[in-house]
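Quick note: numbers below take in every heavy atom, side chains included, and nothing from hydrogens, waters or symmetry partners. Numbers here simply count residues along the sequence, with the first being 1.
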Amino acid sequence: CTPLLLANAIIDTDGQVTLYTDPDKLSDAVRTHLGNEVSISPEDTLSFVPTSAHTGEGLSDLVFNLCRMGQTTERAKLTEKDTFECTVLEVKVIEGHGTTIDVVLVNGVLKVGDTIVLSGLNGPIQTTIRALLTPFPMREMRVKGEYQHHQKIKGAQGIKISAPGLEYAIAGSELFKCANEEEVRDAIDHIEGDLVDILEKYVDKTKEGVCVQASTIGSLEALLEFLY
């Protein structure tokens with residue numbers, strides 16, 4: 001069975017905070033959403049950590065539980081994978097660098113000059129890495145200041161990427177590194193397919209509805225699921 005640690009996000013609707021705490025409903029939702037991707041039996045114990053992006057509540061508990069699992073129950077299963085994994089966290093304009101993206105490089109290597117593909121508001125974005133930046137030791141990525149420049153970085157690590165054409169990049173999207181035109185086409189097809197799946201699942205163009213806006217793809221999908 002697949003070990004899971006789930007962040008149970010608080011949804012603030014019209015000033016009223018809603019937190020789903022019914023274990024049966026939560027478990028059913030997880031099995032419905034992940035049933036085809038992971039193996040979950042009715043006997044499994046699923047760990048839910050209440051979190052809030054607005055107040056920061058629960059984030060330290062989430063990190064603690066991840067570290068605890070990695071050092072105890074899942075220690076023997078931890079392996080370094082060859083597959084490239086990278087996720088966009090934030091999109092920011094930085095003086096002297098233009099529009100940049102903060103990413104978490106989970107696995108793999110990024111180098112200056114690599115071709116990357118990620119989701120954009122107007123469709124997939126293909127660009128070339130101009131600079132790889134990290135904060136100096138004992139400094140936070142989100143705090144404004146000077147950055148260290150790198151020619152190559154290996155995961156796992158938080159990185160700020162400077163590249164042309166990132167103005168419409170979407171936070172929360174997956175970032176792909178491509179070595180040739182075939183991999184670029186595959187990445188573009190994958191990104192377009194994900195966006196189409198979300199729209200087809202939640203958006204009914206034949207009826208009147210509401211406009212939903214969110215800062216990341218994950219937040220948008222969560223809100224659409226809540227409203228659906």
Side-chain angles (χ1 to χ4, degrees), residues 9 51-56 59 63 83-199 211-224:
T51 60
S52 170
H54 180 66
T55 64
L59 298 184
V63 173
T83 56
F84 180 84
E85 290 183 52
C86 189
T87 303
V88 180
L89 294 182
E90 289 188 279
V91 183
K92 291 182 179 178
V93 177
I94 303 296
E95 185 177 349
H97 298 286
T99 303
T100 65
I101 52 175
D102 292 347
V103 305
V104 173
L105 177 62
V106 180
N107 283 308
V109 177
L110 280 174
K111 296 178 289 185
V112 172
D114 279 347
T115 298
I116 57 175
V117 179
L118 62 155
S119 296
L121 295 175
N122 299 323
I125 298 172
Q126 177 185 346
T127 186
T128 303
I129 295 177
R130 184 167 51 202
L132 294 171
L133 311 169
T134 60
F136 282 91
M138 306 304 293
R139 295 294 300 273
E140 225 283 325
M141 176 77 78
R142 302 177 66 172
V143 176
K144 185 177 179 181
E146 296 296 322
Y147 294 95
Q148 297 183 90
H149 289 251
H150 304 267
Q151 289 298 312
K152 179 173 71 172
I153 293 182
K154 181 180 180 182
Q157 190 164 335
I159 311 167
K160 183 179 291 293
I161 295 177
S162 173
L166 295 177
E167 291 81 5
Y168 298 105
I170 299 177
S173 62
E174 187 175 359
L175 185 146
F176 298 87
K177 182 180 75 169
C178 304
N180 50 56
E181 285 300 320
E182 182 179 354
E183 291 185 3
V184 169
R185 288 194 295 271
D186 290 342
I188 290 175
D189 291 342
H190 182 87
I191 290 170
E192 290 177 340
D194 283 349
L195 293 176
V196 168
D197 288 345
I198 293 175
L199 292 175
C211 178
V212 179
Q213 182 177 346
S215 58
T216 68
I217 288 181
S219 298
L220 178 63
E221 191 171 1
L223 282 173
L224 290 173

In residues 170-183, what donor-acceptor pairs under 3.5 Å come from side-chain atoms, sequence neighbours left out?
unit_1	atom_1	unit_2	atom_2	d
S173	OG	I170	O	2.7
K177	NZ	V109	O	2.7
N180	OD1	E182	N	3.2
N180	OD1	E183	N	2.9
E183	OE1	A179	N	2.7

- Message: Run F84 and L110 through side-chain contact (heavy atoms from CB on, under 4.5 Å) and show every step you take.
- Response: CA-CA 9 Å; F84 180 84; L110 280 174; 3.7 Å; yes
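- With rounding to the nearest 0.5 Å, the separation of CG in L166 from CD1 in I101 is 5.0 Å.
- Note on residues 113-134: no pairs pass ring pair (Phe, Tyr, Trp, His ring centres under 6.0 Å), not counting sequence neighbours.
- With rounding to the nearest 0.5 angstrom, the CD atom of Q148 is 4.5 Å from the OG1 atom of T134.
- Atom CD1 of I94 sits about 4.0 Å away from atom NZ of K160, to the nearest 0.5 Å.
- For the atom pair CG of L121 and CD of E167, the computed distance is 11.0 Å after rounding to the nearest 0.5 Å.
- From L118, atom CG reaches atom OG1 of T87 across 11.0 Å, with rounding to the nearest 0.5 Å.
- For V117 against P124, the heavy-atom pair with the smallest separation is CG1-CB, 4.4 Å.
- Residues forming a side chain to side chain contact (heavy atoms under 4.5 Å, CB included) with H149 (at least two apart in sequence, or on another chain): H97, A131, L133.
- Evaluation of the side-chain hydrogen bond (donor to acceptor under 3.5 Å, both in side chains) test over residues 109-131, restricted to residues two or more places apart or in two chains, returns R130-S162.
- Taken to the nearest 0.5 Å, the CD1 atom of I161 stands 4.5 Å off from the CD1 atom of I129.
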